[in-house]
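Notes follow the structure.
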Amino acid sequence: MFLIDRRQMLALAAWSAAATKAFAQAPMNPQEAQLYEAAKREGEITWYTGQYSADASEAAGRAFNERYPGVRCNVVRSTSQVAFQRLSQDFRAGVGQCDVFSSTNGGHYVQLKRQNRLVKFRPVNADGLLPILRQADPDDFFQSSFLGIYLMGHNTRLVSEAEAPKSWTDILDPKWKDKLAVGHPGFSGAIGLWALQMRTMFGPDYLRRLERNKPQVGRSSIDPVTMMNAGERSVGVAVPSASTLFAMSRGNPLKLIYPTEGVIAALSPSAIPTNAPHPNAAKLFQEFQTGPALSAAVRLLFNESIRPDVPPPEGARPLDQVTMLAPTMEQADRGVPEVREQWREIFGV
Amino acid sequence: MPRLTLTGLTKAYGKLTVVDRVDLTLEEGEFVSLLGPSGCGKTTTLRMVAGFVDPTGGTIAVDGSVLSAPGAVVPPERRGMSMIFQSYAIWPNMTVEQNVAFGLELRKLPREEVKRRVGEILEVVQLNKLAHRYPAELSGGQQQRVALARAIVVKPSVLLLDEPLSNLDANLREEMRFEIRRLHDEFRITTVYVTHDQAEAMATSDRIAVMNAGRIEQVDAPHLLYTRPRTRFVAGFVGRTNLLEARVEGGDLLLDGVNLGPAARAGIAHGVTGAVLVSLRPQAMAILAEEPPANDGLLLRATIAERTYLGEAWDYVLKPEGTALTLRAAAPPLEAHDVGAHVWLRIDPRQVAVVE
Amino acid sequence: MSDAALPAAAVRPARFRLLEPVMLLWVALIAALLVLVAAPLIKMLLISFEMQDTGEFTFENYLTAYGRQRYIDALRNSLLLGALSAAISTVIAVPMAWAVSRTDMPGKGFTWAMVLAAFIMPPYLGAIGWILLAGPNSGWINVTWRALTGATDPLVNVYTFTGMAFVIALHSFPLVFIFVKSALDLISSEMEDAANILGGGTWTTMRRVTLPLVWPSILGGFILIFLETIALFGTPAIIGIPARINVVTTQLWQFFEDPVRVEVAAAYAIPLLLITVAMIGVQKLMLSRKGFVSQTGKGGERRQVKLGPWRWVLFGWCLLVGLLAVIKPLTVLLQASFAKAWGRGFSFDNLTLRNYRFLLFEHDVAPQATWNTVWFSAASATMAIVLALLVAYIVIRKLMRFADVLGFIAMAPFVIPGIVMAIGFYAAYAGPPLSLYGSALLIILAFTARFLPIAYANSQAAIRAVHPEMEEAARILGSGRLHAIRRITAPLLKTSLLGGWLVVFIVASRELSAAIFLVGPRTRTMSVLLYDLSEQGNFEVVSAFGGILLFITMVIVGIGMKLVGRDFMLRRE
């Protein structure tokens, strides 16, 4: 419940705008300044990302462009699996296109690291991240850039709060037949993590039982939010909190459900591939992502801030009050492809 | 009762009248041609008979029952007629046999009957060996025969032919002319035949209706049309002719002051008197190098002005002396005269016809 | 030696003839066609038998590609979907074509406009429109249906096999329409008259004579839509995944997932080519010796069939198709593109220009994708037309032995599913030695190859219309062949070539199936970006971007109509 009236909202907005501007213009650390000079000669950076939503990714790109004039950020936003697929195609074709790779599926990094396809780099700003995000990789081949919270949501017009499912297992009840919507682990990295987590917690039968309720399968984890907005489905499974909050801010009758077992937290890093055509700009972008400017930009679109010095987004439950569930990167590396294949066998697509 | 009766049949497109009050009657088994230059309305008349064009006025009746009157038109498929088109319109995706069987199948005849009748008609048009060919595998003449067979096999009340030979080459055209007449003699189907070719009309028809500017000018047997044209247009359109001014006085025809005598009286319509126009065929004159012994008063002195050799005959242009006239006359190949020669011209008074 | 007696210049020895500039051009053309059409297919065939990394010969890829029930199901689904879509398209289009071509149905101009609009509307946009219309719970049609009848079950459900086939058909039927109508236009009325006078009424004549005469066109249209459907990526991804129907294209997409298995994808795609070949064989067999309208050649006089009250029934049919294919999806898309939240329906306080403003001024990629689309389409249209013109010229003027082979290669992509072409291009040119992956050139080449047949058919018709004597007149006056083409033939062809250019431009600007496998970060086209956006759940922005694409297309069509004539898109060449 957010009992914020209009005036408070305006005040908050004013604060946000001012603060965002302040963060965007915050002085650069020496490493960052040095990288900026080198990056200017390269002129641009291409960012394959499946982490933030399209809107937020665009906003991040714009924030980067404003903070570092002379270096242009090309945002290539897709679902994480597709982003990884493009990166794999690049490697396969021997063409370097991507400077920074951001996926919600941590397994991707384990694999890339194993294949020696990542550049080792630690941005100075990484020290200012939330404690749980500070050391994504002990070898510094990748750095945290995203904290996504995936939970459930419901359309309040179709399902009252009392009726709404409370836990991840509630949705297996046959009464939710034809009422659920979910993304696809073949497209969305977060859904891959979620499916893996469910299998780990509730056994291999979970997906099979879910399938019996005939959920509508979208591609990205955001698709179910749209389905709830439209009233096509009443409960969205494993939806990102950011997109749901954003939809709510636009007047859609949605409400978040924090499952009793906990939310899926995608603690996702970014990395620089070895064939990055603009290595300095890539490193600069890593400084940017770990710095306050990124968090300040994306929180306006209801994404979690990954730094303690930037406040969390409006309307989200503070992170210290929720249980965060997540497979480890190693588990994801092995488990996500497995669960994806299992999903395809069960759901047929 | 006549088989087909057209009464006051008219077709107008806005102010343009293309068929103007046409009256025509065909007896059962009769073969009548509509002959005229292009644009005379003959095809429109035929298509009104078929039912493809709705008349503006007049009626069409078959065996006394009216098929078409303004506001009440029987569609083509219920007229029981058949038609042969300029393009043959045989369907390229069906075999010869399927084309011919089409009309019979629509008449819901038993399969055996259809097979038998198709076989018979293909025999008649000598296509029985080609029954399973597709039209693209046939020659032009064979395609024409398919069209004939398809039209005849349904035993139509009236058979309509729209310039059916115009797409064939000259030799084939002549052959098909006789073929059409032969089929008519065999089946006696009442037939309306549209053509602009007078030789075709003459070879095939019992009677010919000459059309001009939407009207029928004359309906007659072919030889009468030639020897006794009733209008200037018919005289000029059917064969070649000399049109001369003449006078009718006391029942006699006077050409250039010369009385043609009783022999010419047959060519004068009853009651006509005063200045008239006569048609004098080139074949109705003989050219003589010497003055013949017996001058019966129908001789003119003339000078040869031009000559053209046409193979079958000479075509002379002559100027009779003492007049401003120019006459064309035909002569057999051996009767050669030089340009400038003075000759005698003898006119056969029986072949002079007064025209309107 | 008689040669010696003559001046050297008079008799050119054979080896010098070979070096004529026009000969070099021919060689260049053959090379270009090999690069564009033959090489990708051959490479695809080769790698389908290669082991990844080692390149050893193997059948393994085929075993992998067809080793699972799910993969085989996808193939079966695709074939069924293709057949069903093609059948629905035929049912939709044939009565419309007949009505417009041969009857006195009213509203022919309207029908034309609807067919044209359905043709230029990209299928994936139509799919999104139909999700908004026929989603089982939230679709407008179903909401209205429930409100009117109190029913609980939806009236229509887009997320079904038939729903998907129907949506595909609504955007494919113009191909059948164009094919059948132009064939019908060639039938002389006497063909129908002959059936009428023998006792066939309007319906009997249509059924037994008119339609059988255009049977090859109906069959051709059917096959083309079948092939287009099995190669379609957007609609199966947007509708098929929620409907849980896996098809060949979405399955191929999975083979491109990590690890990228082009070899398996190639092996999986090869049977599609065999199916194509088989279909063309069946077509040949069915048509065999029969003659059809195209062979009778000359048009002849045409008369409109009078339908009486039935003309309103037919018009109603055309209206219904227009409503379903164009008016309704376009309305919901436009409404969504101007809405703050499309789920709230139409109201003034829900109106906004924000979605357009966002795309045009705030979005980083949208303007670039728009520009990419325009210039890729323009470049491939130009390349395709130039190439097609030269090939058509050589084939029609018979300047070379085996010229027909050139024509055959130029027409081949017509029957190769677009997605197969894309995989072939990926296999042949994405990696070393050329490493074109992610470059604009790769996409332009692929588009050029994919739409070469359209350009070729267009050029062929155009050149046929120019009598060779016009050139011969120039050559006898001392102009070389190339000079004669440039000065005489090209100006005469200008208008129809412009028409062909525009058609290629339009189909290239909406192409998704081939683009999706070939785009890199800087070469994304509007269609690919639309696809990416469509999974972001933001239908308002997707709709607005679709609106921009349609606007660009409409401007191009408008220019085309102005310069080339009203029906330049729907002429069959």
Side-chain angles (χ1 to χ4, degrees), chain A residues 46-48 53-55 58 61-62 65 73-79 81-82 84-95 97-98 108 111 178 181 184 186-188 214 216-220 222-227 229-233 243 247 250-252 337 340 344-345 347-349, chain C residues 68-70 73-74 131-132 135-139 143 159 237-238 240-246 250 253-254 256-260 262 340-344 350 358 362-366 368 426 429-432 435-439 517 519-522 524 532-539 541:
Chain A
T46 298
W47 180 29
Y48 283 18
S53 69
D55 291 358
E58 289 285 336
R62 277 197 302 282
N65 292 344
C73 175
N74 301 311
V75 182
V76 184
R77 155 73 212 185
S78 59
T79 50
Q81 296 300 355
V82 172
F84 187 55
Q85 185 175 331
R86 287 196 177 133
L87 185 67
S88 308
Q89 283 183 15
D90 291 354
F91 274 113
R92 176 93 211 259
V95 181
Q97 316 225 37
C98 167
H108 290 159
Q111 187 182 337
D178 292 330
H184 192 302
F187 290 85
S188 162
K214 305 285 169 215
Q216 170 131 317
V217 181
R219 282 170 284 155
S220 76
I222 308 171
D223 272 335
V225 180
T226 321
M227 290 301 136
N229 287 345
E232 185 59 53
R233 295 285 165 139
S243 305
R250 281 198 154 191
N252 290 294
R340 191 170 71 202
R344 288 215 161 106
E345 289 301 332
F347 284 83
V349 285
Chain C
R68 278 192 190 203
Q69 190 56 40
R70 183 152 52 85
D73 287 348
I131 288 176
L132 305 184
N137 296 312
S138 61
V143 169
Y159 296 116
I238 291 169
I241 288 172
R244 300 190 17 206
I245 300 160
N246 196 23
T250 42
W253 179 244
Q254 288 173 26
F256 271 69
E257 259 169 24
D258 172 71
V260 181
V262 193
K340 288 177 185 147
W342 62 272
R344 279 162 56 195
N350 195 21
F358 171 67
E362 292 166 26
H363 203 276
D364 181 54
V365 187
Q368 194 202 357
Y426 186 89
Y429 302 123
S435 295
L436 291 182
Y437 179 68
S439 71
F517 288 95
V519 293
R522 273 175 296 279
R524 278 196 288 178
D532 281 351
L533 284 173
S534 75
E535 67 189 16
Q536 288 300 303
N538 203 335
F539 278 136
V541 172

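In what follows, every chain begins at residue 1, and chains take the letters A, B, ... in the order their sequences are listed. Given the structure is predicted, the values throughout are model-derived calculations rather than measurements.
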Examine whether an atom of A:R86 lies under 4.5 Å from a heavy atom of chain C, and if so say whether it belongs to the side chain, the backbone or both; otherwise answer neither. both
Restricting to side-chain contact (heavy atoms from CB on, under 4.5 Å), what partner residues turn up for C:A430, sequence neighbours left out? A:A93, C:Y426, C:Y437
Can you confirm whether A:V76 sits close enough to C:R522 that some side-chain heavy atom of one is under 4.5 Å from a side-chain heavy atom of the other? no
Is the backbone N or O of A:V349 less than 3.5 Å from a side-chain atom of C:R244, with the two atoms forming a donor-acceptor pair by type? no
Okay, A:C73 and chain C: the region with an atom under 4.5 Å from a heavy atom over there is backbone
Does any part of the side chain of C:I241, heavy atoms only, come nearer than 4.5 Å to the side chain of A:F347, both counted from C-beta? no
Name the member of A:N65, A:T46, A:V225 that forms the most heavy-atom pairs with chain C at distances under 4.5 Å. A:T46
Who pairs with A:A181 by side-chain contact (heavy atoms from CB on, under 4.5 Å), at least two apart in sequence or on another chain? A:Q216, A:P224, A:M227, A:R233
Flag the one option from C:G438, C:G240, C:P136 with the top tally of heavy-atom pairs under 4.5 Å to chain A. C:P136
When rounded to the nearest 0.5 angstrom, what is the spacing between CZ in A:R344 and CZ in C:R68? 10.0 Å
Please find the pair of heavy atoms, one from A:G348 and one from C:R70, that lie closest to each other, and give the distance. O-CD, 4.1 Å
From CA spacing to verdict: side-chain contact (heavy atoms from CB on, under 4.5 Å), A:V75, C:H363: CA-CA 10 Å; A:V75 182; C:H363 203 276; over 6 Å; no
Check each atom of A:F91 against the heavy atoms of chain C and say whether the ones under 4.5 Å are side chain, backbone, both or neither. neither
When the 4.5 angstrom heavy-atom criterion is applied to C:V143 and chain A, the contacting part is neither
Chain A: which of C:V365, C:V541, C:L436, C:V519 shares the most heavy-atom pairs with it under 4.5 Å? C:V365
To the nearest 0.5 Å, atom CD of A:Q89 lies from atom CZ of C:F517 at 8.5 Å
A:E232 side-chain N/O to C:S138 backbone N/O, donor-acceptor pair under 3.5 Å: yes
One option among A:S53, A:A54, A:S78 has the most heavy-atom pairs under 4.5 Å with chain C, and it is A:A54
Non-hydrogen side-chain atoms of C:L533 and A:R77 separated by less than 4.5 Å: no
Between C:L132 and chain A, which part of the residue has a heavy atom less than 4.5 Å away: side chain, backbone, both or neither? neither
